[in-house]
Structures are given as C-alpha cells and as structure tokens.
Amino acid sequence: MSGKNKKELAATFTPAEIEAPLYKKWQDAGYFKADAKSKKAPFTIVIPPPNVTGSLHIGHALDHTIQDLLIRMKRMKGFEALWLPGMDHAGIATQNVVEKQLASEGKSRHDLGRDAFIEKVWQWKAESGGVILDQMKRLGDSVDWDRQAFTMDANLSKAVLTIFKKLYDKELIYRAERIINWCPRCLTALSDIEVEHKEDVGEFVSIKYGDDDLNITIATTRAETMLGDGAVAVNPNDDRYKHLVGKKVMLPLVDRMIPIIADELVDPDFGTGAVKVTAAHDPNDFQMAMRHGVEIVVIMNEHGVMAGTGTKFDGMDRFDARKAVVDELKKQGRVVAEKKPYLHAVGHCQRCETTVEPRLSKQWFVKVAPLAKAASDAVRDGRVKIEPQEMAPRYFEWVDNMHDWCISRQLWWGHRIPVFYGPNDEVVVCGPDEKPPAGYTQDPDVLDTWFSSALWPFSTLGWPEQSDDLKKFYPTSVLVTGYDILFFWVARMMMMGLFAMDGKQPFDVIALHGLVRDQFGKKMSKSRGNTVDPIEFMDKYGSDALRFTLARGANPGTDQALAEDWVGGSRNFATKLWNATRFAMINGASVSGAMPKRSELNAIDSWILTRLDQTITEADDLFEKFEFAKACELIYHFTWDDLCDWYLELSKSTFTAGGANAAKSQRVLGEVLDKLLRLMHPVMPFITEELWCSLTDGQSLMVADWPKSDPSSQDVKSIEQVTKMQEIVTEIRRFRNDQGIKSTAKIAAKFTGLENVGLADYEGALRSIVKCDLTDGNFTAKTQVGEVVIEFDLTGAIDLVAERARLSKDLQIAQKDRDTAKVKLDNQGFMAKAPAEVVTEIKTRLAQTTADIDLLTALLEKLPK
RNA sequence: ACCGCUGUAGCUCAGCGGAUAGAGCACCCCUUUGACUCAGGGGUAGGUCGCGGGUUCAAAUCCCGCCAGCGGUACCA
C-alpha cells in the first residue's frame, strides 16, 4: 500500500548523501523566503551579524542551531517567519587582512591611496570574504537569502548617515579631546569594549622627585611617562604630605618644576600615597589635570615612540624607554624602592594584542547616558525580556555604567564620518543626499563598525525608508546570542533601536545561550589547541547530529561542554531513528485513512499515542521557553526508549500475526512517526525531511503543520497497563540474567494472574519480548511481580545462590524503605504539618513496601535449600 | 578589589522545599549479525549533592559564613 512516489529507504543512513540535495530542494522551492505582504503573524530573527572575515566556528553552530530551530518551528506553526542573514564589515579586522596582503607585496595602504585601497578591500570581499555564508548552508540554516545584508550596503550606509545626523542634532554625538584607548599598531582609537584587560608582569618603582630641600616619592609602573608629568598629587587628608601641597618640586631628568596638588582621587594607602600626574597619557591623570589646571605634556607619537620630550629618550619605543628611564634614575640614586615582579591589569587591543596606550586626542563620541537609560528601562519595565532572566543583572550592570562611546576610527574601511570642517573650523554634519558647503573638507576617520551593527535590526529591514519589511517585521521577535557578547552589540542595538524607532524596541526577547567549551569544560582557544571544527564534525557525523548535540546541551544561559563522542552519540540517535522508520515501513506503517477509534485500540497502541501526546505537549512548551536541552532530552527518551525499546518490541507479535489488529497498529505507528518527525524537524531538519517524505509521500516537512497535542486523548489506563508490562518484563529479564540464560534462548514459562492486572490479552506480547514462547514444561522456578506469578522450566539449572542473594538484597532495600516511611508516619510534626497528599503518598509507600517484604520473604522461604 | 555565576555518579550536565537524587557518555558482566555492527539488546555497579552552621515536620533545593573554579567589571597609578 505504499504510494507511487515513496522512496525505499536505504539500509543505512548516510547524511552526506541527503543534506546538500535537500538544502537545494528547500531553496529552490522558496521555503526560506518571507513575504512582507502575508496576512500571517510575523516572527522575525535578524542574525547577529558575523564578521566578513570570519568563518564558522562551533559557537556560531550553536547560535545558528537555536535560531534555525526557532524559525523552523514558528514557520510550521503558521507564522510568517523571517530569518535575515548578513555580515558586518569588521573595520579593523578586514583592513588588517588586506593590509597584510599588501605588505606581502611590499606595499602599504598609503602607496595605494584611500580610494584605491577601499576598492581593493571590496575586491577582497568579493573573492574571499563571507566564507561563513556558505558554511551556514551546511548547517541547514533556513535564512532568507534574498534579504542578505551587509553593513556597507547602500541602504545600510544611508541608515548610518541618517542616524548620525539625528543624534548630532539632538546633541547625542559630540567631538571632544579626551584620553582614549589607542592601539599603536592598528593606529586607531578603540572603544572600551575593544580593549581586553589582562594580567601583565610589570615593575612598580618608587621614584624620588625633588631635591634635599623639598622632595616627594611617587610610585609607578610606567616610569617612562614621568617625562610628561605636569604635577604630583596627594590626598588632601594625608597628613604626611599636607605641608607640601601648593609647593613645587623638581621633576628629574627633564628639570622642570611641577606643582604638588591635592585630589580626592588619590588613595593614601596605595604605593607611597603620592601620584605622578601625566595628563596626556592617563585617563585619571587627565581628570585631575582638568580640575587643577595642570600642564598637559604629550611625550609619545602615534606609534608609541617617545617624542617631543627634549631628552635623549626621544625616538625610543615606550617599553625600551621605560627601562632606560629607570636605569638613568637609578644612576642618579632616585629609585627608592622596586617591587617586581608586579602583577597588574593592562589593556590590550582585542584584535592584535598590542598593549593599548591611553592617548589624548580629539575624537567623536556618542553621549550614551540618555540612550543607555532608555535601553535599561525597556528591560526593566518588561517591554524586552531577557532569557534566562538571571542574566538581566549583568545587562543592567553594564548598561547602567557605560561610558561615552568613542566612535571615531582612524581607518579607511568603514563608513566615513559625515562631518565636514570649514576653513575656520566650522562643523557641518551631512545626512544622506546632503552636500557640504564648498571648500569644506570631510573628517578623514570612519565610524566604529558597531555603530552600523547597532542599526542592524532595522537598517536591514529598509530603514530609514518606511518599507513594507520594516512595517511587517519590526520589532523583531527574538535576538539569539551568547551572553559573552550581550554588551557588544545587544546593548547598542537596544540604544539605537529605541532611539531611531521612536521608542519601539528592536526585539521582544533576548535569548542568551552559553559558550561551547571543550569536553573538560575549558574554554576553547587557538592557543590551548582545544578548538573543534564544526565542518569536520558535520562531515563525519552529519549536520543533524551536530545540531542535535548542540541543542541538547543548550541549557539557557549556561555553557556547554562538547566532545566528539557526544556528536557520535547523536549520530547513533539519528541512525536509530532512521532504522526505526525503515522498520516501521517494512512492517506496513501507514499514514493514510482515518485513525482507528481509541476504544478499538489495544493498550500498547493507546499507550504510545498517549506518550506521544505528552511528549508533544511538553516539548512544545519547553521549546517556547528556550529550554532546548530539556526538549531534546524528552524527544530522545521518547524515541529511543518508548518507541523503539518498548512499543516496537511489544508490537512485533502483532505485526507478525497480521490481520485487522495489525492494520490498526500500522496506522498508529504511522501516526506516531508522522508527528514525531514533525516535532523533531526544527532540530534535525535533514533526516526528518528525508524520512517523512518517504513515509508520507508529502512534499516537505518545512511547510508541514506543527504537531498539535490533544490532551483529551490521554489514556491513563494504558499507562498503568504498559507500566505493569514493563515491570514484568524487567523482572523476567533480571531473572534470566541472574540465572545465566542466554537472552536468545527460548524457554518455557507459565504466567498466572495476568487477568488480575488487566493484562489477560497481552500474554503473547509479553512472551514474545522476553522469549518465553514455550508453554509446556516442568516448572521448577518462579518469580513474582505483584499479583502476577511467572514460573520457569529451568530443568534443575537454577542458580540458588544467585537467586537467594538477589532476593535478600531486595528484601533489605524494601525493609529500609518501609522503615523510613514508618519513621515519617510516627513523626507527629510531620502528621500535623505535612500536606495531605504527601501523607497519603507515604502511607501508600508503607503498604507497598510491606507487601513487597511479605512477597520476598515467601519467595525466599520457598526457594529449595 | 568589586559584581555575577558555578561546585550533584569517572566525565559533561539535569533536578532548585516533599523525602527511593536522574540522564547521556564511559566502566563492568551477559548477549546479538532478520530494523540498527562506525551499531543493537539486557543486566549490574557507581553519589557524606564543595565544607560548616542555621530555618523547617521535611533541605541537593531556602538563609548565613567559608573554601575552590570560572566569567565580567575596575582609576589602584
């Protein structure tokens, strides 16, 4: 009765053979496309834009598995589902790649000039950028490729100009001279989040300033900066130094008189309690300098090389100069104390690891306070939900303490700052389609990449135009990302989204997942050499296996460990599913025709339908709550244990017998697989598609309906019956095992009392699953499960020692359980205060264990000596 | 230093007031080539729930302290 187009399933499942063709099939059919004109309710996810220079790593694989899972599920649920892909232009990273290329030809970007260089970058992007996009297809990502976006696209660039001007007009963007994080290698300013603080080994030297008449000892780890000191600061309440405040002291090596000032910022308990103030090279010193009018002396150039000090140290690298300065001071006997090694946190460039140099320079900043407050409030008042909620404090911690955001980058690749300067330093900001007055020159810098990434949830949908997409799909439904980058762009997207879209949040939910770690829970890193390649895993085990492994490990907001073995286990699971379906089809599983009435079904069929229904209800609920690990666990358990180990085994005799009973079970089995495959599709899209199409002759699971549960069909009695069957089977297996009977050996057995537990009709099924087919014999041994007695013909082969040991052990356990129950019931406090259900439960347990004890005692006594 | 998170079976993790603490993988024993052999089936074994106090009839679960690990933040020059 198989349909004409039904494919025979191959004997083994080979992921590589089905994955690419199925992806193509989906793409060709247009299933990934979303329609802005649709009447369906929207469900939107914009991809957290990966880097154009990047390739797929295991963290993306997890991130994308979750997004694809949600999108596929919502699509099946009848939403107009849009998953919008794209990339950001990664200013520094991309420029680095191309500059390296040029360097290998002995050229620098300056040899080419700005326009030619940018052209070169575009060329690089066309040839080798965006590798990740192709890799996403391997994962099965059901993204709408027609809407693919790039932060440097015309429309997204227009969005950047528009928002810049808007912010400037509202005085939320300003230009100022500040101490910023400067990378002397990348030659650009960095924002706070592009700086990584790491413990460095340094040296903490105490240096005596001044002479015999007037001196003060300061302590520093950056001796070279003393050449640019403008003052020495002490705490105003520090009695040791009070008398020196207002006096001037001689700065060694440069022979300059500098004032001693008093400022609260100085901690009297740290170091010597006296601090050198180098306003041009330290953010705190700069603050103090502003307060006290201290002279600002710049002593380094952009490369971190000493310059303009008028000393012999000019021309030396900052680190060489540090040593040289200390040596020189030592010679002069000014080094009073040295502490080394001295561990302290130092900022490093996230991209190139170079030690960041705080540097005084004029840059453009976003005034974040008002924007951050809006971003904070949106979460606080519940318009945006963070999942899991325990992560919210981290968000607040970050957003509420954000410093102003330096957005200038001294690069060429990126959105050029739309500011033009007139001959007398007039400033004009140009929005899209606006022209600066003649003779004005544009700011040479570009904007931080994240300035454009922050617009992603709406710029990709057409903003600033009021496009159909924007109307249909904004606000997006959920942003899926790792908690480690919650701050990187989530906070920025929130700020910009709320600002640009008149207070409408960029997403309703922020769903955070953890990091993928190695099998020992260690963070993966190239230097540790413990990274894994998702592509390699997909080659070896299939995409579905990788996806399932990741989804199964994805507890909300917590990290997960990943080992190759786990992926292998998921591959085995996929194989199990494949073979179960194949077996079902060989045995005539069918999806056509009406389902038999519940009343006509045997307990086993009714049970599996009940379990299926429970599984659908619970898994659906868990998926909706972003509890992917638990949902997968549930599905795994249902498939492997309930369906394969119990249902199929218990039903084999029915299928073999054939006839009307078999036909009913075949229909039931078809129904179970049909719904199960639908339920699993979002997690394992490839294998489920292949199996489902074979089983049902359907077009595609991608556009099939999500399985609905029907709680009214719950059959509690069938659960009791099958649970009883499982107990009997387990006991017989245990008995056979203890007696050393091969699991394939067919032995004789006699069942008594099945009718007492409503299993009179299931003796055949029971006999078949435990290979006790024979009914005649000399029954010399027996065991018992409640009211059911099973006797065996072991023709004197019974191992009395093993059996007695076993029974004694069970008896002991039962006695212990009975005792604990008794203690509870004798406890007056418990009887008085515990809820009635709990008391009843304990009473039942007492009765149960007492019965068990009687039974075991009797069996022990009857056991031949 | 501060904030946050974590500490449960050999490993990775669930459980987060109801008492017999679970799963996957690994181990051990038996078994299998008639859905499953890069497999499958069955059966065992394995845990002072980090440590110490407290609250409760009842604590892995709540509170306090401590220890250990991780992450983030930080102006300690």
Side-chain angles (χ1 to χ4, degrees), chain A residues 9 11-13 192 197 204 218-222 225 233 265-267 269-272 274-278 282-288 344-345 358 390-391 393-394 397-398 401 483-484 486-487 514-515 517-523 540-541 549 552-553 555 557-563 565-566 568-573 575-587 629-630 633 636-637 640 644-645 648-649 652 729-730 733-738 740-745 770 813-814 816-817 820-821 823-824 827-835 837-839 841-842 845 849:
Chain A
L9 284 177
T12 50
F13 167 50
D192 290 349
H197 287 267
F204 194 47
I218 58 91
T220 182
T221 54
R222 303 193 57 203
T225 61
L265 202 62
V266 181
D267 176 359
D269 297 326
F270 187 79
T272 60
V275 189
K276 58 195 276 310
V277 180
T278 321
D282 183 283
N284 296 314
D285 292 4
F286 182 73
Q287 276 182 41
M288 287 196 277
H344 62 143
E390 300 88 80
M391 288 285 174
R394 289 168 91 149
E397 167 79 18
W398 175 266
N401 296 307
Y483 66 79
D484 56 327
L486 178 61
F487 325 115
L515 273 42
R517 294 167 173 274
D518 76 4
Q519 58 182 311
F520 304 112
K522 289 266 178 284
K523 202 169 181 172
K540 271 170 102 166
Y541 304 105
T549 308
R552 192 185 188 184
N555 286 300
T558 46
D559 293 348
Q560 64 170 297
L562 180 76
D565 280 357
W566 297 200
S570 297
R571 189 267 322 272
N572 293 349
F573 177 55
T575 307
K576 187 79 181 173
L577 179 69
W578 181 274
N579 280 294
T581 308
R582 187 165 153 263
F583 175 75
M585 288 173 68
I586 290 167
N587 282 281
K630 291 188 183 75
E633 200 61 48
Y636 181 94
H637 176 252
W640 203 307
C644 294
D645 282 356
L648 290 179
E649 294 301 332
K652 274 180 180 170
V729 168
T730 303
R733 281 173 174 164
R734 186 237 100 210
F735 187 85
R736 289 181 58 128
N737 213 284
D738 283 359
I741 301 159
K742 283 195 171 190
S743 56
T744 42
V770 290
I813 292 170
K816 199 182 138 220
D817 289 351
T820 43
V823 168
K824 289 289 154 200
N827 181 339
Q828 295 195 344
F830 175 78
M831 294 303 284
K833 294 189 180 174
E837 312 89 81
V838 177
V839 176
E841 198 191 315
I842 302 294
R845 188 176 307 153
T849 49

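Proteins come first, then strands; the chains are lettered A, B, ... in the order of their sequence lines, and each starts at number 1.
Of the candidate nucleotides B/U73, B/G24, B/A19, B/A19 has the atom nearest to the side chain of A/I842. When the nucleotides B/G24, B/G18, B/C76 are ranked by their closest atom to the side chain of A/V838, B/G18 comes out on top. Relative to the side chain of A/A561, the nucleotides B/C13, B/A58, B/G18 differ in distance, and B/C13 lies closest. If you check B/A35, B/C75, B/G24 against the side chain of A/R582, the one that comes closest is B/A35. Closest approach to the A/P835 side chain among B/C75, B/G18, B/G15 is made by B/G18 (side chain taken as heavy atoms from C-beta onward). Among B/G15, B/A19, B/A77, the nucleotide with an atom closest to any side-chain atom of A/F830 is B/A19. Minimum atom distance to the side chain of A/Y636 is reached by B/C25, of the listed B/A35, B/C25, B/A58.
A/W566 has its CH2 atom 9 Å from the P atom of B/A26, to the nearest Å. Here B/C75 presents its P atom at 9 Å from CD of A/Q287, a figure rounded to the nearest Å. Atom OH of A/Y483 is separated from atom C1' of B/U6 by 10 Å (rounded to the nearest Å). Between the C1' atom of B/U73 and the CE atom of A/M391 lies a distance of 16 Å, rounded to the nearest Å. In this structure, A/F735 atom CZ and B/C30 atom C1' are separated by 16 Å, rounded to whole Å. Atom CZ of A/R517 is separated from atom C1' of B/U6 by 10 Å (rounded to the nearest Å). Summarising the geometry, the separation between CD on A/Q560 and C1' on B/C5 is reported as 17 Å, rounded to the nearest angstrom. Atom pair A/D267:CG and B/C76:P shows a separation of 11 Å (rounding to whole Å applied).
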Under 4.0 Å protein heavy-atom contact, by nucleotide of nucleotides 37-42 of chain B - B base, S sugar-phosphate only | SBSSSB
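Of the inter-residue distances, the one linking A/Y541 atom OH with A/T575 atom OG1 reads 11.5 Å to the nearest 0.5 angstrom. Atom CZ of residue A/R582 and atom OG1 of residue A/T12 lie 8.0 Å apart, to the nearest 0.5 angstrom. The structure places OG1 of A/T581 at 11.0 Å from CD1 of A/I586, a figure rounded to the nearest 0.5 Å.
Contacts of A/R736 with the nucleic acid, taken as non-hydrogen atoms under 4.0 Å apart, are absent. Across all strands shown, A/T278 has no heavy atoms under 4.0 Å from either base or sugar-phosphate atoms. Across all strands, A/N827 comes closer than 4.0 Å only to sugar-phosphate atoms, never to a base (heavy-atom distances). Residue-level contact check: A/L648 touches the bases, meaning some heavy atom is under 4.0 Å from a base atom. In this structure, A/A832 reaches neither bases nor backbone, as no heavy-atom distance under 4.0 Å exists between it and the strands shown. A/N587 comes within 4.0 angstrom of no nucleic acid atom, judged by non-hydrogen atoms across all strands. A/W578 comes within 4.0 angstrom of no nucleic acid atom, judged by non-hydrogen atoms across all strands.
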Quick one: the dot-bracket string of RNA chain B, using Watson-Crick and G-U wobble pairs with both distances under 3.5 Å, [ ] for crossing pairs and | for bases paired to another strand.
-> ((((((((.[[[[.)..(...]]]]..((((........))))......[[[[[..)....]]]]])))))))....
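For the P atoms, the distance linking B/C16 with B/U56 amounts to 23 Å, nearest Å. For the P atoms, the distance from B/C62 to B/U6 is 10 Å, rounded to whole Å. Between B/C3 and B/A74, the distance separating the two P atoms is 15 Å to the nearest Å. On the C1' atoms, B/U20 is 24 Å away from B/C28, given to the nearest whole Å. Between B/G22 and B/A68, the two P atoms lie 32 Å apart (nearest whole Å). Look at the P atom in both B/A45 and B/A39: the space between them is 26 Å, to the nearest Å. Using atom C1' as the reference point in both B/C51 and B/C11, the two lie 23 Å apart (nearest Å). A distance of about 16 Å separates the P atoms of B/A19 and B/A23, rounded to the whole Å.
In this structure, A/E633 and A/G829 both approach RNA chain B, and ranking their closest nucleotides by distance from the 5' end singles out A/E633. Nearer the 5' end of RNA chain B, as judged by each residue's closest nucleotide, is the contact made by A/T558, out of A/I586 and A/T558.
Side-chain atoms of A/K576 and A/Y636, non-hydrogen and from C-beta on, never get closer than 4.5 Å to each other. The shortest distance between side-chain heavy atoms of A/M288 and A/V266 falls below 4.5 Å. Using a 4.5 Å cut-off on side-chain heavy atoms (C-beta onward), A/V823 and A/F830 make no contact. Residues A/K630 and A/N555 are in side-chain contact: their nearest non-hydrogen atoms beyond the backbone lie under 4.5 Å apart. Residues A/L577 and A/W640 are not in side-chain contact: their nearest non-hydrogen atoms beyond the backbone lie 4.5 Å or more apart. Within the 4.5 Å cutoff, no side-chain heavy atoms of A/D282 are placed close to those of A/T225. Using a 4.5 Å heavy-atom cutoff, the side chains of A/T549 and A/F573 are not in contact.
Without hydrogens or angle criteria, A/R736 side chain to A/V770 main chain gives a donor-acceptor distance under 3.5 Å.
At least one side-chain nitrogen or oxygen of A/N555 sits closer than 4.0 Å to the OP1 or OP2 atom of B/A14. A sub-4.0 Å separation between OP1 or OP2 of B/A77 and a side-chain N or O of A/R222 is absent. Applying the 4.0 Å criterion to OP1 and OP2 of B/G34, one finds that A/K652 has every side-chain N and O outside that range.
Of all non-hydrogen atoms in A/I842 and A/A821, the two that sit nearest each other are CG2-O, 3.7 Å. Scanning both residues, A/N579 and A/A11, for their nearest heavy atoms gives OD1-O, 3.7 Å.
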